[in-house]
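Reviewing the structure listed below.
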Amino acid sequence: MAYYFNDVSHTFNEYLLVPGYSSAECIPANVSLKTPLVKFKKGEKPAIQMNIPMTSAIMQSVSGERLAVALAKEGGVSFIFGSQSIEDEAAMVARAKNFKAGFVVSDSNIRPEQTLADILELKERTGHSTVAVTADGTATGKLMGIVTSRDYRVSRMSLDTKVSEFMTPFSELICGDKNTTLKEANNIIWDNKLNALPIVDDNGNLLYIVFRKDYDSHKENPNELLDADKRYIVGAGINTRDYEERIPALVEAGADVLCIDSSEGFSEWQKRTLQFVREKYGDTVKIGAGNVVDKEGFLFLAECGADFVKVGIGGGSICITRETKGIGRGQATALIDVCAARDEYYEKTGIYVPVCSDGGIVHDHHMTLALAMGADFLMLGRYFARFDESPTSKIAINGNYYKEYWGEGSNRARNWQRYDLGGDKKLSFEEGVDSYVPYAGTLKDNVGLSLSKVRSTMCNCGALTIPELQKKAKLTLVSATSIIEGGAHDVIQKDTTTNAIK
């Protein structure tokens, strides 16, 4: 007969942390969130250590090059999505690795023969009022001109007016060349009272735009995560089908760490992929694997040579694997089980294999719970999809802004490789949905707020580091009624925006 687990499968929402003794030293400013990304031997330091315990999910709607740079600035790592061509993913990695602070690759571009209506639609979609006019409408095409909100008046112009008729033409623009430094660019901006300075190459092709409003935002980031050459640390997702071609291309592009993107990691396919990496690169290429939900799955991947192991099946907000296949495990229970296996493996072998909690994070306090339960770091999808830096469009619905968010197992992504069990190269049925998430602004602001809550809670537990939190944390299961008790209840809440009672 089937094996039955004795314990009930629990989620993060069913747990609370119980406060511990807090000394006078336990203040948020003293908390360190440094954590290992890849495995290391006892007494040694990990080859990559993050400054914050956050990575972004390997998803089309989450991890592009802009988010990779933004998250690295804050001290985390983004895994650029692998459900695209090898060439396109490698190019994304290369652009993120070669990013120069202050030099922005334009994501609002248009052709001169397009119209004012197209400009307005583009502004609505991206939220940016500065639009680069290039010959082919791409971010790196020959620069023909610039359009800002000062170049047109909707009330006095026809919507079918050609962009070429009202743009500021290239001949009237002040531009920097490919050798312009950030300091020089900012001097040009201030000396000429510009809002933006295009940077072009010798052939007049657009390279970057430097904005006046970014002048103060490119001061040194104390937590930024850099490699030995002072470039941002960038991760990339791979699959278990084309890894022999994809991995060399990503390594050549500069990827610092790879991760197998799969809904279920306890498989021969992942073993073959890990063996390929170890045979071809030894330990020089860092690669994570997963996902698993129990001790057996963790030990399998650890023995196969994974640099970290991801935990979680079916817990993502857009994932319907549990509904469609009846497979998975409550994220809290899975994480506790796997982290116990990690600690046991460390005691036995002297090799520490970090655990990543992937999925199930709904509220900020769930992050602290996951870390207390043993996770070394988190992988987040919905959380990052809400920000300006995610690759998706911003859409207005009934007066509110949202961002698109879809699962890799959805019909839109068609990432069949992630759910590959051999056989036909297709997605037989959906394991993810297509959705919207409320727009939340910039990554920097939101990550700062979330981690301030994590630091505060750690202080309540008397911990100043993540390992100390895991050692000192006291967790209690809660009833459905105590969950209700934990929120606002038995009062009439005031609407602070209108001072109306609701």
Practice item. Could you check K403 against D388 for salt bridge (charged side-chain N to carboxylate O under 4.0 Å, His left out), going step by step and ending with a plain yes or no? Key: CA-CA 9 Å; K403 295 218 47 173; D388 286 321; 5.7 Å; no

Would you please test E344 and K295 for salt bridge (charged side-chain N to carboxylate O under 4.0 Å, His left out) and show each step? CA-CA 10 Å; E344 183 182 322; K295 173 181 179 179; 3.3 Å; yes

Discussion item. Please evaluate residues L274 and I260 with respect to the criterion side-chain contact (heavy atoms from CB on, under 4.5 Å), reporting the C-alpha separation (whole Å), side-chain torsions for both, the decisive distance (0.1 Å), and the verdict.
Written reply: CA-CA 9 Å; L274 292 168; I260 302 172; 4.2 Å; yes

Between Y15 and L475, is a side-chain contact (heavy atoms from CB on, under 4.5 Å) present by the stated rule, with each step listed? CA-CA 7 Å; Y15 284 91; L475 291 152; 4.2 Å; yes

- Item | Criterion side-chain contact (heavy atoms from CB on, under 4.5 Å) on K73 and N223, from CA distance to verdict | CA-CA 7 Å; K73 284 182 179 180; N223 281 328; over 6 Å; no

What do the steps show when you test E268 against R272 for salt bridge (charged side-chain N to carboxylate O under 4.0 Å, His left out), and what is the final call? CA-CA 6 Å; E268 183 178 345; R272 291 181 184 181; 2.9 Å; yes

Is there a salt bridge (charged side-chain N to carboxylate O under 4.0 Å, His left out) between R278 and D307? Walk through the geometry before answering. CA-CA 11 Å; R278 296 297 170 239; D307 281 293; 2.6 Å; yes

### Task
Check step by step if side-chain contact (heavy atoms from CB on, under 4.5 Å) holds for Y352 and D376.
CA-CA 11 Å; Y352 189 92; D376 295 282; 2.6 Å; yes

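Panel note: side chain D229, backbone R231; no donor-acceptor pair is recorded below 3.5 Å. Judged by distance alone, with hydrogens and angles left aside, the side-chain atoms of T11 form no donor-acceptor pair with the main-chain N or O of Q331 at under 3.5 Å. Judged purely by atom type and a 3.5 angstrom limit, S450 uses its side chain to pair as donor or acceptor with the backbone of N446. Judged by distance alone, with hydrogens and angles left aside, the side-chain atoms of N291 form a donor-acceptor pair with the main-chain N or O of G312 at under 3.5 Å. A donor-acceptor pair under 3.5 Å is absent between the side-chain atoms of D88 and the main chain of Q84, judged by distance alone. Side-chain atoms of S456 never come within 3.5 Å of backbone atoms of K453 as a donor-acceptor pair (strictly under, hydrogens ignored). A donor-acceptor pair under 3.5 Å is absent between the side-chain atoms of S63 and the main chain of I80, judged by distance alone. The main-chain N or O of L182 is found under 3.5 Å from a side-chain atom of N186 such that the two form a donor-acceptor pair. T333 places a side-chain N or O within 3.5 Å of a backbone atom of H10 that can act as its donor or acceptor partner. The backbone N or O of R241 sits nowhere less than 3.5 Å from a side-chain atom of R246 that would complete a donor-acceptor pair.
Heavy atoms of other residues, nucleotides or ligands lying less than 6.0 angstrom from CG of D7 number 12 at most. The number of heavy-atom neighbours closer than 6.0 Å to CD of E252, taken from other residues, nucleotides and ligands shown, is 12 or below. More than 12 heavy atoms of other residues, nucleotides or ligands sit less than 6.0 Å from atom NZ of K97. Around NZ of K394, the count of heavy atoms belonging to other residues, nucleotides or ligands within 6.0 Å exceeds 12. The number of heavy atoms from other shown groups lying within 6.0 Å of CD (E296) does not exceed 12.
Below 30°, between 30° and 60°, or above 60°: for F298 and Y345 the angle between ring planes is above 60°, a perpendicular geometry. In this pair, Y232 and F99 present their aromatic rings tilted. The plane angle is within the 30 to 60° band.
Under 3.5 Å, the side chains of Y383 and S56 contain no donor-acceptor pair of N or O atoms. Residues T240 and T273 bring no donor and acceptor atom of their side chains to less than 3.5 Å of each other. No side-chain N or O of T457 forms a donor-acceptor pair with one of N460 less than 3.5 Å apart. Side-chain polar atoms of Y439 and R386 form no donor-acceptor pair below 3.5 angstrom. With hydrogens and angles left out, the side-chain atoms of K34 and T465 include no donor and acceptor closer than 3.5 Å. Looking at Q60 and S83, their side chains do bring a donor and an acceptor atom within 3.5 Å of each other. For the residue pair S267 and Q270, no side-chain donor N or O sits within less than 3.5 Å of a side-chain acceptor on the partner.
For the atom pair CG of D242 and CD1 of I247, the computed distance is 9.0 Å after rounding to the nearest 0.5 Å. L207 CG to S106 OG: the interatomic distance, rounded to the nearest 0.5 Å, is 11.5 Å. Within the model, atoms CG of L451 and CG of D364 stand 8.5 Å from one another, a figure rounded to the nearest 0.5 Å. Once rounded to the nearest 0.5 Å, the distance linking CD1 of I209 with CD1 of I199 reads 9.5 Å. The distance from the CG atom of N30 to the CE atom of M458 is 11.5 Å, given to the nearest 0.5 Å.
Taking the centre of each ring, Y405 and Y436 stay at or above the 6.0 Å mark. Within the 6.0 Å centre-distance limit, the rings of F5 and Y3 are counted as a close aromatic pair.
Proximity of L37 to F377: side-chain heavy atoms (C-beta onward) are separated by under 4.5 Å at one or more points. Inter-residue side-chain proximity for E89 and F81 is flagged as unmet; no heavy-atom pair is nearer than 4.5 Å. A heavy-atom distance below 4.5 Å is found between the side chains of L443 and L67. Inter-residue side-chain proximity for L17 and C461 is flagged as met; some heavy-atom pair is nearer than 4.5 Å. Taking the side chain as every heavy atom from C-beta outward, K286 and L258 never approach each other to under 4.5 Å.
Residues E404 and I395 share a closest heavy-atom pair of CG-CD1, 3.6 Å. Summarising the geometry of A68 relative to S78, their closest heavy-atom pair is CA-CB, 3.4 Å, with the distance given to 0.1 Å. Here the shortest heavy-atom pairing between V105 and A139 reads CG1-CB, 4.0 Å. Nearest heavy-atom pair, A236 versus F79, reported as atom, atom and distance to 0.1 Å: N-CD2, 3.6 Å. For the residue pair C356 and T55, the shortest heavy atom distance occurs at SG-OG1, 4.4 Å. Minimum heavy-atom separation, A385 to T392: O-OG1, 4.3 Å.
Note on D294 versus R329: no salt bridge recorded, every NZ/NE/NH1/NH2 to OD/OE distance being 4.0 Å or above. Salt bridge E65/R95: present, at least one basic N to carboxylate O contact under 4.0 Å.
Remark: of the listed residues V234, D256, I48, D256 is the sole one forming a side-chain contact (heavy atoms from CB on, under 4.5 Å) with D227. L371 pairs with exactly one of S357, P467, P53 by the side-chain contact (heavy atoms from CB on, under 4.5 Å) rule, that one being P53.
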